[in-house]
Every structure is written in structure tokens, then in C-alpha cells.
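All values reported here derive from a predicted model rather than from experimental measurement.
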Amino acid sequence: MEKQLFIDGEMVKGAGNLRKLINPATEQEIVTVYEASVEQVELAIQSARLAFKETNWKNDKEGRAVFLMKLAGKLENNLETMAQLETENTGKPIRESRLDMEDSVSCLRYYADLLMEQFPEKMEQWDGSESVVKNVPYGVTGLIVPWNFPLLLGIWKIAPALAAGNTVVFKPSEMTPLSMIKLAELISECCLPKGVFNLVLGDGKTVGQTITLSEDVHKISFTGGTDTGRVINEQCAKTFKHVSLELGGKSPLIVFDDVNIEQAAEWAIFGAFFNQGEVCVASSRILVHENIFAAFTEKMAEKTKKIKLGDPFSEETDMGPLISNDHLKKVESYVSKGLEEGATLVTGGERYGEQGYYLTPVIFTDVQPDMGIVQEEIFGPFCVIQTFRSEDEAVEIANGTKYGLAAGILSKDAERAERVADQIDSGIIWINSYHTPFVNAPWGGFKQSGTGRELGPHGLAAYSQPKHLNATAVVGDLGWYRF
């Protein structure tokens, strides 16, 4: 199918670059994508602008809730098809793709329900007037997502943006647009007013930049790398555009010496290697109390070697390939870097199989705080194990990077875990678990891991701004204000 963009309510053929999408598990071409031209991106922006201005979308609260529920139902009915598209395009195991689809359905329904609970705030003022504070939409929103969770991260933005009454110009990663193209087809079946949702495909330098620099786009929400986020933030500043950024991480998982070592090792593996480690919150730094370091490292290495790599469509596969050959080479370069820096490679770092971008999961020990493999986001199946002696040292190490997205703590001592959590500079902290996002709670980071929050009421608030109306019953005398 050549019509892969969705502009002004219609599926249309892209007039920009042609891009061959590659299945990372087979290295074979999946399909050729027709990307948007700059002119088509501008058309999508104007379509969204007119839809916000001329339709009743921003005022039709009930209609927005009905749409979100209808889309959730269509996505649920097409769950297996969507999951297969996601796995083919990203290489993630099919079990994980199904979870992504289920979470996406839940997110749509959550915001449909939350929307109906939103009402203006009324206040009686000291002078007898009444103030009403309404949360109003920004207008046209530009939503940009990465390749690791193409549909799920997209829904995390689309659902609250539309729920708040905005219109949308959406750009998926140029490498993984397939599930979003299918979603656009489902949206086209939901009787959405023309121009409310638009899908444009292409890379950041052309399509993304056109969106972020446009004066007719009033809000940008971006998920991706910190360097790209910094550029987008600078671009948005030129027009004082509101911006939310969910960026990189180098998240610590602190393991105290009162844990069950086998269970702790399983959580560490899940935290570090879930989704091939291509996760912004991946626990790529495992901080282990020195009393259990040797036993823990041995157990984690033993279990890591048993991770089953292979066909992502197999129900038995634990880990799929990395997203691309270039990304595989990048992760491999960090294996070489770790060895050059003097760290000890415990296991992993080898290519797997005769085809596909597979890499066996990597564990390094004997690391120093200033090493590149400790400080830099690698975004692959790669972790380092560090040791600590005390709570204070654990906190110091945990906070010892420029990132502050997520963290985890494993301990039987609940008071200690909460005490340590209070001192960690991260936006999301799990105690005795890891990775799970909750649709009703905020998601986002501190420091150079971004600004703003997604999910929960905070996620809805990110797509609206307060508007204060103050009124008195009649026009009266100025009183002591008289000039």
C-alpha cells in the first residue's frame, strides 16, 4: 500500500523520500515507505490548525471521550495484527508486543474516563466577583516518538493530547512507522473530524524540524535521546513554544545485602535487558552491596547466559535483535570501550546467529565512576555492576550521572528502601520491582532526563494551560480605583 500518510482525514501517498524498512531479525526488506515532503508536513500542520479553529473538537468533551473509547475498541479488536507489525518492525519478542498493545488500549480508556472527570474550578473572590479557572488546549500539538516502543509511546501522547482538545501532527521514528500507519487506518474508521489527527513520516532533520520550527504548532512533546531533545528545546525556544521532553537515562538498581540473591538477579536481568535493553529506564547500572557482590554477580551471569535469543515471533524467545546494524555496531563499540577503560567483561558482547542484529547481553564489573560505560546511555543489552558499602555511598553512586529518569531498590527493609528512595534524584523509583508503568501515575525524569511528565493526571495537564476568567454581576463604580 502506497498511501501511508494521514492528512486532513485521508490516507495519502508521501511525496518525499522513499525508505526501505528492514526486519532486524532477518535483515530482509519489509516494505518501502513513502515519506512526507516538507510541503506535506506544512499541509498537515495547516489541516490541524483549521480543525482546531473551525471544528467543535476543542469544545466537544463527550465527543472526544467517545472517540478515545471507540479507538480503544478497534485497537483491541486488532491487537494481534498490531502486535505482529510491531514485532516485525522492531524485533521485540511477540509477547512483549502484545503487552504494548494491551497497555495502549488501557491508556486510551484511562484518558477517556479521566477527561469526563475534568471540570472548571470556581472561586468566590474577596470583592464579590467570581473566578473560574479552565484548562484549555494549546491548539496544534507536534508529537514525536522513538523506535523502541513505537505504538505505546505514541498512544501515551496521542490519548492525552486529544483528550485535552488539541489537534495533532504525529511523527513516528522513520525506522518503525508500521504500527502507527495501521493506527491511522483505524482512526480513519472512527469518524474523527478532518485534520484533528495527522500522521507524517520521515526523519528528524526534515519532517521533525518542520514541525518544531512551525509558528502554527503550539506544543511539542518529544521522547528520545538527550542530544536531540536539547536541539528541539532550542528550536522551540525561538517561538516560545511549550515543550515536554522525555529523554535518556542511565538508571541505577540498588541491591542491598538482605535480598534473596536469586530473585534479585532475576530482577536485575529484567531491569537491564528487557526489550533488548532498548529502554530509556533500563537499569544499566546495578549497584550491589559488597557483602553479596561475588555471589550476586555469579548468579546474574549464570542466568544471563541462559537468556534465549532468537526468532521474535517464537513464544519461547526471551530477547530479539537490536533495531539496526548501525545500532548493533554502536553497542559493540561500548564493549570495546569498556575493555579499553580497564573494566572486566563478565559475559556477552558476541554476535548471535547467522542473520539478524543479535548481540548476547553484556555484563561488566571492575568499573570506575568516570568510565564511559558507566556515564553514557548505551541503549542496548548492556549493564555494569558496581559495589557500595553504605546507604550514603549507594545514594552518591546512584546520583552520579547527568541523568535522573528512573531507579530501583531491592531490599527487605521497607523503611531503608523508602529512606534511600527519598534521596535519589529520579522521577520514577521502583522498590522491589522494576519497569512497570502505571497509566494513572506520572512518568518522566529529573536533570538531563527531560522536562514535564506523561501518564496520569499530569500527562493530561501537559496538554492544556490554565485560563482564568473573573466576572462581577454588573458594571459598577470604580470606587477607590478611580483615576
Side-chain angles (χ1 to χ4, degrees), residues 1-24 28-52 54-55 57 67 71 74-75 78 81-90 104 140-147 150-151 153-155 157-158 161-162 166-214 216-217 220 222 323-324:
M1 178 181 291
E2 294 182 351
K3 294 183 177 181
Q4 298 160 330
L5 313 183
F6 189 67
I7 300 175
D8 200 33
E10 300 289 339
M11 298 297 298
V12 299
K13 180 179 177 179
N17 295 327
L18 299 184
R19 185 180 302 275
K20 293 181 179 180
L21 300 183
I22 304 299
N23 182 329
Q28 301 301 309
E29 181 181 339
I30 304 171
V31 69
T32 297
V33 170
Y34 296 78
E35 297 181 336
S37 64
V38 170
E39 292 75 17
Q40 286 178 313
V41 179
E42 292 173 343
L43 180 63
I45 293 170
Q46 292 309 310
S47 175
R49 185 184 69 83
L50 288 176
F52 184 78
E54 298 181 358
T55 73
W57 176 254
F67 165 76
L71 182 59
K74 286 188 174 292
L75 180 55
N78 289 271
T81 297
M82 298 292 283
Q84 290 180 10
L85 280 174
E86 203 80 321
T87 287
E88 184 177 30
N89 205 173
T90 66
S104 297
V140 179
T141 57
L143 312 181
I144 304 173
V145 299
W147 43 258
L151 188 82
L153 295 184
I155 292 296
K157 298 181 188 297
I158 292 168
L162 293 180
N166 299 281
T167 57
V168 166
V169 179
F170 187 93
K171 192 198 91 65
S173 166
E174 63 271 23
M175 291 193 289
T176 55
L178 293 184
S179 58
M180 195 53 62
I181 294 171
K182 180 62 178 178
L183 184 74
E185 294 174 2
L186 297 181
I187 288 175
S188 71
E189 301 171 4
C190 293
C191 301
L192 187 69
K194 289 185 177 182
V196 168
F197 176 83
N198 301 272
L199 173 68
V200 289
L201 309 183
D203 63 22
K205 291 182 179 179
T206 53
V207 176
Q209 184 168 279
T210 302
I211 295 171
T212 57
L213 290 177
S214 173
D216 289 320
V217 176
I220 292 291
F222 169 78
I323 188 64
S324 69

Original post:
Taking side chain as C-beta onward, heavy atoms only, is Asn89 less than 4.5 Å from Leu85?
Top reply: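 They are not in side-chain contact.
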Subject >> Close side-chain approach of Leu162 and Leu71, heavy atoms under 4.5 Å >> reply: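 SC-SC contact between Leu162 and Leu71 ruled out.
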Original post:
Residues in side-chain contact (heavy atoms from CB on, under 4.5 Å) with Ala51, at least two apart?
Top reply: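 side-chain contact (heavy atoms from CB on, under 4.5 Å) list for Ala51, sorted by chain: Thr55, Thr167, Val196.
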[X] and [Y]: which non-hydrogen atoms are nearest, and at how many Å?
| X | Y | answer |
| --- | --- | --- |
| Leu5 | Gly14 | CD1-CA, 3.6 Å |
| Leu18 | Tyr34 | CD2-CD2, 3.0 Å |
| Asn78 | Lys182 | OD1-CE, 4.3 Å |
| Trp147 | Thr90 | O-CG2, 3.7 Å |
| Ile7 | Asn198 | CA-OD1, 3.5 Å |
| Val145 | Pro150 | CG2-O, 4.0 Å |

For the [atom1] atom of [X] and the [atom2] atom of [Y], what is their distance to the nearest 0.5 Å?
| X | Y | atom1 | atom2 | value |
| --- | --- | --- | --- | --- |
| Thr141 | Ile158 | OG1 | CD1 | 9.0 Å |
| Leu21 | Glu29 | CG | CD | 8.0 Å |
| Ile144 | Lys157 | CD1 | NZ | 9.0 Å |

Show me the side-chain donor-acceptor pairs of residues 169-181 shorter than 3.5 Å, one per line, residues at least two apart or across chains.
| residue | atom | partner | partner atom | Å |
| --- | --- | --- | --- | --- |
| Lys171 | NZ | Gly202 | O | 2.9 |
| Ser173 | OG | Met175 | N | 3.1 |
| Ser179 | OG | Glu86 | OE1 | 2.6 |

Original post:
If you look only at pairs with a residue in residues 12-23, which of them pass as a side chain to side chain donor-acceptor pair (under 3.5 Å), with sequence neighbours excluded?
Top reply: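 Matches after skipping sequence neighbours: Glu2-Lys13, Arg19-Glu35.
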Subject >> Sequence neighbours excluded - side chain to side chain donor-acceptor pair (under 3.5 Å) pairs with any residue from residues 184-193 >> reply: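 Listed once each, the pairs are Lys74-Glu189.
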Subject >> Summary of salt bridge (Lys or Arg N to Asp or Glu O under 4.0 Å) pairs that have at least one residue in residues 37-47, sequence neighbours excluded >> reply: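 The answer is none; no pair qualifies.
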Can you list, pair by pair, the side-chain donor-acceptor contacts under 3.5 Å of residues 207-214, counting residues two or more places apart and other chains?
| residue | atom | partner | partner atom | Å |
| --- | --- | --- | --- | --- |
| Gln209 | OE1 | Gln235 | NE2 | 3.2 |
| Thr210 | OG1 | Thr206 | O | 2.6 |
| Thr212 | OG1 | Gly208 | O | 3.3 |
| Thr212 | OG1 | Gln209 | O | 3.2 |
| Thr212 | OG1 | Gln235 | OE1 | 2.6 |
| Ser214 | OG | Asp216 | N | 3.1 |

Original post:
Which class fits the ring pair Phe6 and Phe197: parallel under 30°, tilted 30 to 60°, perpendicular over 60°?
Top reply: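 Phe6 vs Phe197 ring planes: tilted.
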**OP:** Given side chain to side chain contact (heavy atoms under 4.5 Å, CB included), test Ile187 with Leu199 step by step and report yes or no.
**Re:** CA-CA 11 Å; Ile187 288 175; Leu199 173 68; over 6 Å; no
Original post:
Just by distance, do the side chain of Gln40 and the backbone of Ser37 share a donor-acceptor pair under 3.5 Å?
Top reply: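 Checking the backbone N and O of Ser37 against the side chain of Gln40, a donor-acceptor pair under 3.5 Å is found.
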